[in-house]
Amino acid sequence: MLHVVSCEEMRAMDAHTIKNLKVPSAVLMERAALSIAEEVTAALKTHPGRILIVCGTGNNGGDGAALARILFIKGIKADLLIAGNEERFSADMKAQMESCRALGVREVQDPDMRVYSIIVDAIFGTGLTREVTGSARVLIEKMGDAGAFVIAADIPSGISGDTGAVCGCAVKADVTVTMECAKTGQLLYPGALYTGRLNIAEIGIFDDEKLRGTLPFTAFSLEDHDIGKLLPARDPAGNKGTFGKVLVIAGSKGMCGAALLAGEAALRSGAGMVKIMTDEANRTIVQTAFPEALLSVFRKKEEIPELIRENLAWADAVAVGPGLGNSKKTRLIVETLLCECGKPLVIDADGLNVIGGDTDLLSRHEGPLYITPHMGEMARLSGKPIIDLKADPVSSALEYAGASGAQVLLKDARTVIADKNGTVFINTSGNAGMATAGSGDVLSGILAGFLAQGTDPAYAGALAAFVHGQAGDRAREINGERGMTASDIIRSLTKII
């Protein structure tokens, strides 16, 4: 899995490497420039022509100046444009420019950017915290209008390295060569759109795990090979009981589809048995549409607590909420589970809506607890406006996880998974076609299925989101982004796993 860093963490790693490990900053800059040079030479094969390197005055600009020197020595001519006052050069930038000028690298001041086929953006690094204004904004806008292939050094200038926000305006890169670790702002939208293809270059900055404990959070992102590592081994001598039993409490009268989707997703994720607990009105539908499922039905509110206790004795993990409706029955179901279910519990949809802002209710649960809100549900849970949640989903998820004790899967174009210990996962799988009715029910079922099989609770949420997104990507290949449905995601799920 990828270690994803905040700007603060990257600065700490960089300083540790230079000050404590005695690796000169010029060495790190040289290796960064060599990595960018590889992308430039590769891009020349498909975008032959003139190259422009736009440099700021700090060390990001130093990477660009070092790149110009390296290309010059290779016999590849690149023009150098300095954005800013030379009096503000960092020490390393000043040294790199002295080398470039000694070699005779060509400098330009106000070129017609349309004549370049490749532009390298080395203006601002990950430390940008202010709005881009003035001449820098004009320069970035000209770069955007040039029509060139754009390679960003470390991060597209104008993108917040922590949140992915556009700071007034930003460079839209085709490729970003980032140093040592992905940055949170490169994985979150809109930063991910501006980043383009992400190339993580190992340049020798030491990733010291001891530093992580001193920082607000530690973030990761799963990769393809993590699925096999994190899923429990399948015992060839096992049986349906040993592969995990999932209780899905879902579906009110007229809303049975959510229960079917969550239940089938749990079974397709590898669980050995699934039981649907639902309203009596859904009996015939469940037995007809989902014959593999066991069934438990309730008629009256008074029956619910004892029925839940009986089913909890059977289950290994529970998912509750999809299609239940915002009713007194739903609240009773959720309250009973939180008080009496010491097993892994996934709360979604209407289960979250009845909780509202009552974090004390969630704190009653003694076992692993997972909530899967989309932005609208999270706004109701936290009291924060959606615009604030979207502006910084990592901090929002961490804050609510700390307050509630639950692992939070904050669903959006990039789902953020956070726990009370300060561990964050940013999910990069999935596509816009998954914004379709029932997709969230499928995620809840997958998560409950993984938990029932014995997946490590610390990784189960991230794994479920990643596999769910990959199944959505496979469904897009088959059905197209506009026409895919939640059922298509389930059908693709078996191919991914």
Side-chain angles (χ1 to χ4, degrees), residues 1-21 23 25 27-29 31-32 35-36 58-60 62-63 122 124-129 152-167 170 173 175-223 226 391-399 401 410 414-419 421-428 458-459 462 465-466:
M1 63 186 71
L2 293 177
H3 178 203
V4 185
V5 299
S6 65
C7 296
E8 181 183 356
E9 189 170 4
M10 192 71 246
R11 285 191 293 271
M13 290 166 56
D14 194 50
H16 176 69
T17 303
I18 295 168
K19 294 178 182 178
N20 300 330
L21 303 183
V23 178
S25 59
V27 171
L28 301 177
M29 186 169 286
R31 296 192 66 180
S35 297
I36 302 168
N59 282 353
N60 194 247
D63 292 344
F124 301 121
T126 56
L128 181 70
T129 56
D154 209 17
I155 193 167
S157 294
I159 293 297
S160 165
D162 284 333
T163 67
V166 176
C167 301
V175 179
T176 296
V177 182
T178 200
M179 309 312 158
E180 209 62 46
C181 296
K183 316 305 184 290
T184 53
Q186 294 166 338
L187 303 188
L188 298 169
Y189 286 107
L193 288 176
Y194 286 77
T195 297
R197 176 170 59 84
L198 185 61
N199 175 358
I200 301 173
E202 296 182 0
I203 65 170
I205 296 174
F206 188 61
D207 184 1
D208 189 350
E209 291 190 15
K210 293 179 181 178
L211 292 174
R212 300 181 191 176
T214 66
L215 295 161
F217 65 89
T218 301
F220 302 92
S221 184
L222 295 187
E223 302 174 277
D226 291 318
D392 193 354
V394 171
S395 295
S396 297
L398 279 167
E399 181 181 342
L410 181 53
R414 288 287 162 89
T415 293
V416 172
I417 301 95
D419 67 23
N421 299 315
T423 300
V424 171
F425 287 87
I426 300 174
N427 185 57
T428 58
Y459 297 107
F466 186 61

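As a basis for the values below, the full set of heavy atoms in this structure was taken, side chains included, without hydrogen atoms, waters or symmetry mates.
Partners of S221 according to the side-chain hydrogen bond (donor to acceptor under 3.5 Å, both in side chains) rule, which considers only residues two or more places apart in sequence or in another chain, do not exist here. Under the side-chain contact (heavy atoms from CB on, under 4.5 Å) criterion, A165 pairs with S160, T163, sequence neighbours left out. When the side-chain contact (heavy atoms from CB on, under 4.5 Å) test is applied to N427, the partners found at least two apart in sequence or on another chain are T415, I417, S429, A465, F466. Not counting sequence neighbours, the partners of I18 by the side-chain contact (heavy atoms from CB on, under 4.5 Å) test are D14, S25, L28. Taking the side-chain hydrogen bond (donor to acceptor under 3.5 Å, both in side chains) definition, one finds that E202 meets it with nothing, sequence neighbours left out. Every residue two or more places apart in sequence or in another chain was checked for a side-chain hydrogen bond (donor to acceptor under 3.5 Å, both in side chains) with R11, and none qualifies. With sequence neighbours excluded, the residues that form a side-chain contact (heavy atoms from CB on, under 4.5 Å) with A170 are I159, V166, Y194. Q186 meets the side-chain hydrogen bond (donor to acceptor under 3.5 Å, both in side chains) test with T178; sequence neighbours excluded. For the salt bridge (Lys or Arg N to Asp or Glu O under 4.0 Å) test, residues two or more places apart in sequence or in another chain that qualify with D154 are K183.
Counting only heavy atoms from C-beta outward, the side chains of L2 and I426 never approach each other to under 4.5 Å.
A distance-only check finds no donor-acceptor pair linking the side chain of T184 to the backbone of S6 [under 3.5 Å]. Under a 3.5 Å cut-off, the side chain of N421 and the backbone N or O of T423 do not form any donor-acceptor pair. Of the possible donor and acceptor atoms, one in the side chain of R414 sits under 3.5 Å from a partner among the backbone N and O of L187. Proximity of a side-chain donor or acceptor of T195 to a complementary backbone N or O of G191 within less than 3.5 Å is detected. Between the side chain of E180 and the main chain of I203, a donor-acceptor pair closer than 3.5 Å is present.
Nearest heavy-atom pair across F220 and V4 is C-CG2, 3.8 Å. Considering every non-hydrogen atom in both L222 and F425, the closest pair reads CD2-CE2, 4.0 Å. Considering every non-hydrogen atom in both S157 and F124, the closest pair reads OG-N, 2.9 Å. Taking each heavy atom of T17 and G204 in turn, the nearest pair found is CG2-O, 3.5 Å. Between G161 and I155, the shortest heavy-atom distance links the atoms CA-CD1, 3.5 Å.
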Show the numbers, then the answer: is there a side chain to side chain contact (heavy atoms under 4.5 Å, CB included) between I205 and M10? CA-CA 9 Å; I205 296 174; M10 192 71 246; 3.6 Å; yes
Please evaluate residues M13 and C181 with respect to the criterion side chain to side chain contact (heavy atoms under 4.5 Å, CB included), reporting the C-alpha separation (whole Å), side-chain torsions for both, the decisive distance (0.1 Å), and the verdict. CA-CA 10 Å; M13 290 166 56; C181 296; 3.8 Å; yes
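One finds the NE2 atom of H3 at 11.0 Å from the CD1 atom of I200 (value rounded to the nearest 0.5 Å). Put simply, CG on N60 and CE on M179 are 7.5 Å apart, with the number rounded to the nearest 0.5 Å.
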